[in-house]
Amino acid sequence: MALDRAAVAHIAALARIRLAETELAPLADELSQIIDWFEQLSELDTSTVEPMASVAAAGLPMRDDRVSDGNCREAILGNAPRVAPAAAERGFFAVPKVVE
Amino acid sequence: MIEGRTGEWETVIGLEVHAQIVSEAKLFSGAATRFGAEPNTQVSPVDAAFPGMLPVINRHCVEQAVKTGLGLDAEINLVSVFDRKNYFYPDLPAGYQISQYLQPVVGHGRIVLDMPDGSTRAIGITRLHLEQDAGKSLHDQHPSLTYVDLNRAGIGLMEIVSEPDLRSAQEAGLYLRKLRSILRYLGTCDGNMDEGSMRCDANVSVRRPGGSFGTRCEIKNVNSVRYVMQAIEYEARRQVELLEEGGAVVQQTRLFDVGRGITRPMRSKEDAHDYRYFPDPDLLPLVLDRDWVDGLRAGLPELPDAKKARFISALGLSPEDAEVLVAEQAPALFFEEVAAGRDAKLAANWVVGDLFAALNRLGCGIERSPVSPAQLGALIDLIADGTISGRLAKDVFAEMVATGADPATIVEQKGLRQVTDSGAIAAAIEAVLAREADKLAEYRAGRDKLYGFFVGQIMKATQGKANPTLVNELLKERLAGQGPA
Amino acid sequence: MSDSLTQLTLAEARDGLARKVFSARELALAHIAAVEAVRPLNAFITETPERALAMAAAADDRLAHGQARPLDGVPIAVKDLFCTKGVLTTAASHILDGFRPPYESTVTEKLWQAGAVMLGKTNLDEFGMGSSNMTSHYGPVENPWRRQPGGRAGDNRPLVPGGSSGGSAAAVAARAALAATGTDTGGSIRQPASFCGIVGLKPSYGRCSRWGVIAYASSLDQPGPMTRTVRDAAILLQSMAGHDPKDSTSAPLPVPNYEAALSGDIRGLRIGLPHEYRAPGMPGEIEAVWQQGAEWLRRAGAEPVEISLPHTRYALPAYYIIAPAEASSNLARYDGVRFGLRVEGDNLDEMYELTRAAGFGAEVRRRVLIGTYVLSAGYYDAYYLKAQRVRALIAQDFAAAFTQVDCLLAPTAPSSAFAIGETGDDPVAMYLNDLFTVPASLAGLPAISVPAGRSGDGLPLGLQIIGRPFDEAGVLRAAGVLEDAAQFRDLPGFVAAGRRIRDRDDSHHLRQAGS
């Protein structure tokens with residue numbers, strides 16, 4: 001098996017998705033099947049080919065240094081979950097406190 | 001070197017500086033970058049990572065990074081790649097930061113430190129890359145909530161990484177000041193550490209002289225040069241003590257506690273930071289045109305090292321004066337304007353001496369100097385052509401600082417023109433010698449020191465306006481000749 | 001020519017409006033009724049009848065003043081991955097509950113500027129991840145086609161429309177929308193088009209802007225038209241395509257006249273038949289319709305020739321590494337802070353974890369976890385980087401083929417539509433549906449699915465034409481010839497009949513499957 005329960009728990013933590021204890025084993029099974037299926041790629045000799053990150057061949061287009069956006073606080077805050085009216089009133093998003 | 005109980009230890013320091021790019025708009029969005037705006041008013045949906053939003057790079061930010069690389073004598077990589085650095089934090093709305101990992105836009109360079117003993121020391125720069133700044137998390141606004149302001153999210157940063165070539169807190173301070181100076185000369189970053197536009201992470205380790213590198217700790221986000229130096233000193237000693245007691249240094253990220261003057265470990269789960277870097281699929285590789293880079297190189301202003309060397313060799317300034325003048329670009333340019341077509345050393349004396357003293361006293365920078373370069377130059381001209389004496393020029397200068405008036409105006413208004421009329425001086429000499437007859441006798445009897453007394457009296461009699469050279473000439477003549485006793 | 005306003009093609013509607021046979025308002029009303037009638041299929045997540053009528057009124061105004069725009073009055077459905085300003089946009093996910101974008105996607109903005117009328121947002125596989133439209137938080141979509149009685153004895157189960165653009169495909173096939181927008185990442189336009197018997201085009205990567213399209217896999221996603229005819233696809237693509245400076249991957253190329261390319265003349269066209277697409281275990285009828293397609297094209301003057309795309313079978317695993325990897329990063333922004341669902345926690349990480357666990361469905365979760373894994377420390381080289389190299393090989397295969405031929409003919413899907421819930425527990429089995437569509441996605445090539453025949457069960461079977469980069473015109477031309485030869489005019493069992501232009505007995509308002 002490519003992944004065991006601990007590995008799945010670790011990946012889920014990296015991805016910030018809560019998994020129930022009872023889900024770990026079946027997920028490990030499922031994901032392992034998928035990962036095992038990936039193994040066939042190792043049959044290919046890719047030593048002489050560069051990874052293809054993009055189909056587009058050109059270089060990155062650039063834009064002018066002009067203020068053309070922003071100054072739209074209502075639009076930015078408008079979809080935020082209504083959990084902290086005091087924060088929203090002052091123009092902030094709010095999350096459970098982080099201790100540094 | 002640190003003297004430990006068991007012998008000497010060498011401190012090894014590498015600095016990572018995050019310099020906010022001076023630009024109107026952000027690196028990948030069109031929102032504004034100005035400091036101090038109301039929360040979340042300088043945020044584009046792109047910066048807030050709304051669904052479907054995409055980055056488009058700001059040409060000026062790329063220019064600023066390349067200019068900085070050129071100013072650091074570094075290799076410019078004509079092809080570079082943007083990567084996503086993935087992690088979760090409230091001030092990082094997308095859950096990833098657009099940065100550059102394996103192929104940064106700028107490669108190896110160097111900064112030359114001006115050591116206190118007059119020598120220089122070159123510190124290697126490993127790389128410079130472009131990345132997005134994060135927003136701000138405010139932890140002190142509410143008992144159980146952290147407030148998030150994304151105004152800063154997406155502002156362009158240049159991350160400048162030094163080689164671990166620094167060997168003391170002092171060198172680290174010199175490095176940061178030099179780097180800040182170069183950035184400000186180039187106009188690519190304002191170097192304002194207390195506004196957070198320039199931040200420093202210090203990697204510190206210790207080793208036996210000649211030994212291999214020790215384990216390092218990273219001290220993050222120190223926001224003044226002084227604190228960086230303090231943090232390094234503390235951390236180096238902490239590690240030495242630890243090692244001398246037989247312990248081992250654990251690689252970790254630490255914060256500098258300003259209040260207690262110590263470093264302490266950060267609370268976050270370090271092992272969870274697997275950044276899973278991969279090339280950002282929303283961005284193509286950044287490809288720069290060689291001619292364009294050459295054009296930028298040709299347009300660079302003269303940088304501090306070159307300017308200092310020119311001040312010394314071409315203008316004859318002392319290394320000390322030259323160094324003081326080039327530390328910031330504005331004073332250097334001020335000086336150059338004053339010195340143009342004039343005695344450079346004299347100009348340097350006035351700028352470094354009288355002007356800087358006055359500015360210090362007033363508590364203002366040279367940008368708000370009450371005296372303009374043209375005015376100071378005019379004052380120097382008045383001394384050079386004999387209109388006023390050097391001694392009185394100091395008074396004129398003080399008046400210029402207080403009122404902002406032109407020197408010529410002040411001289412006229414106060415009637416400070418130097419007296420060069422031999423007749424008037426001769427008359428003053430006669431009057432003084434007549435009054436001080438007994439002192440004259442003493443002088444003739446051998447008390448040579450009274451010469452200075454006579455000169456002083458003559459200057460007083462002429463309200464300081466007598467040309468000193470003429471006074472000396474005529475007084476010596478008068479005293480040499482037998483004349484009336 | 002059908003006498004019902006909902007049975008028209010886009011081209012016919014455009015013509016009828018221009019000749020004032022009917023108004024945009026009438027057209028909109030007919031389709032609004034059809035959208036309601038088609039609710040049993042669950043093709044729409046949000047219906048926007050008021051907006052449609054307002055847009056139709058504006059279109060009528062322009063038509064009356066002789067200022068007609070290219071799509072004036074044409075009622076279309078929009079896949080709920082396109083952000084529509086002020087209108088609920090969900091990506092068929094619980095995690096985007098209540099999200100009303102403050103901006104309009106570039107592609108839909110272009111459509112509204114061209115005068116099109118918005119009927120609503122169609123259902124899809126959550127975040128575009130799926131080939132069946134069974135993973136939507138809003139429930140599965142049903143294919144308006146059912147197996148014919150007499151086929152598999154008594155098998156009258158509801159079928160999938162394909163995915164991820166299942167809602168769009170079902171709406172167009174069931175005559176509830178004249179046309180629809182879709183997005184295709186690994187086959188999400190083409191495969192549902194094949195399953196529902198309509199035309200679906202995935203343009204070249206970069207042809208249409210991705211700005212405002214909720215991202216699944218950034219290097220693969222591409223918006224495209226889903227229509228009843230090839231001509232309609234050309235017309236719709238004309239308004240959707242074009243360079244967008246807000247999308248750095250958008251191609252800075254002019255948009256040719258696609259409708260003008262439909263000359264019907266493919267004499268001398270060299271058509272490649274990739275022999276690796278003859279998959280083991282592939283149903284005989286798929287092979288048969290493929291050969292039939294080749295024959296039709298040959299009769300029209302083209303030269304079919306077998307070619308090889310040697311790395312074909314590695315395309316699927318490569319895709320299922322790359323797409324989830326990009327998705328795992330693209331979906332990190334769904335964290336309960338700025339929009340959508342939020343589940344409170346005792347601390348920040350708990351809030352993130354609970355929100356995302358509750359908000360993402362099982363397939364999305366699976367792909368985010370796979371994606372996170374293949375990018376993680378120690379695995380990046382072996383999986384992600386390896387897959388990107390394999391991708392380069394696949395692109396090279398096509399490039400080599402295009403030195404010998406002008407386009408390729410292949411099946412679209414390895415089967416006809418299957419029953420909802422049929423595929424069972426094997427996660428890889430579902431992925432095999434994308435066998436024929438994924439390679440063109442990895443290479444960024446334009447590809448279209450055209451309904452070409454029917455299975456033994458009476459279900460539609462599509463054929464795919466794949467072309468050179470930015471040769472949508474050539475692809476459409478060949479597809480037009482195929483469409484002419486196939487003469488696929490069949491209606492699915494479930495059709496929403498709208499208002500008729502002439503007063504007629506409307507008691508037969510709705511024809512259910514099997515009647």
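In what follows, every chain begins at residue 1, and chains take the letters A, B, ... in the order their sequences are listed. Computed from a predicted structure; not experimentally measured.
The shortest distance between side-chain heavy atoms of B/Asn58 and A/Arg63 falls below 4.5 Å. In this structure, the side chains of A/Asp69 and B/Ser29 stay at 4.5 Å or more apart for every pair of heavy atoms. B/Pro285 has its side chain out of reach of A/Leu60: every pair of non-hydrogen atoms, C-beta onward, lies at least 4.5 Å apart.
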From CA spacing to verdict: side chain to side chain contact (heavy atoms under 4.5 Å, CB included), B/Val43, A/Arg73: CA-CA 7 Å; B/Val43 181; A/Arg73 184 149 80 187; over 6 Å; no
Candidate pair A/Lys97 and B/Leu145, rule side chain to side chain contact (heavy atoms under 4.5 Å, CB included), full reasoning: CA-CA 4 Å; A/Lys97 197 193 273 281; B/Leu145 295 175; 5.7 Å; no
A/Leu14 vs B/Arg276, side chain to side chain contact (heavy atoms under 4.5 Å, CB included): CA-CA, chis, key distance, verdict: CA-CA 10 Å; A/Leu14 281 180; B/Arg276 306 184 296 290; 3.6 Å; yes
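Contacts of B/Asp140 with chain A are made by backbone atoms alone, with heavy-atom separations under 4.5 Å and no side-chain atom involved. Using a 4.5 Å cut-off between heavy atoms, B/Leu27 touches chain A through its backbone atoms (N, CA, C, O) alone. Using a 4.5 Å cut-off between heavy atoms, B/Phe50 touches chain A through its side chain atoms alone. Using a 4.5 Å cut-off between heavy atoms, A/Ala94 touches chain B through backbone and side chain atoms alike. With a 4.5 Å cut-off on non-hydrogen atoms, A/Ala15 touches chain B through its backbone but not through its side chain. Within the 4.5 angstrom heavy-atom criterion, only side-chain atoms of B/Val62, from C-beta onward, approach chain A. Residue B/Phe278 does not touch chain A at all, counting heavy-atom pairs closer than 4.5 Å.
Pairing each heavy atom of B/Pro90 with each of A/Val98, the nearest pair is CG-CG2, 4.0 Å. Here the shortest heavy-atom pairing between A/Gly70 and B/Ala31 reads CA-CB, 4.3 Å.
When each of B/Gln64, B/Glu63, B/His60 is checked for a side-chain contact (heavy atoms from CB on, under 4.5 Å) with A/Asp65, only B/His60 meets the rule.
Atom CZ of B/Arg59 and atom CZ of A/Arg66 lie 11.0 Å apart (nearest 0.5 Å). The distance from the OG atom of B/Ser137 to the CZ atom of A/Phe92 is 10.5 Å, given to the nearest 0.5 Å.
Around atom CZ of B/Phe88, more than 12 heavy atoms belonging to other residues, nucleotides or ligands sit under 6.0 Å away. A 6.0 Å sphere centred on CD of A/Glu89 holds no more than 12 heavy atoms belonging to other residues, nucleotides or ligands.
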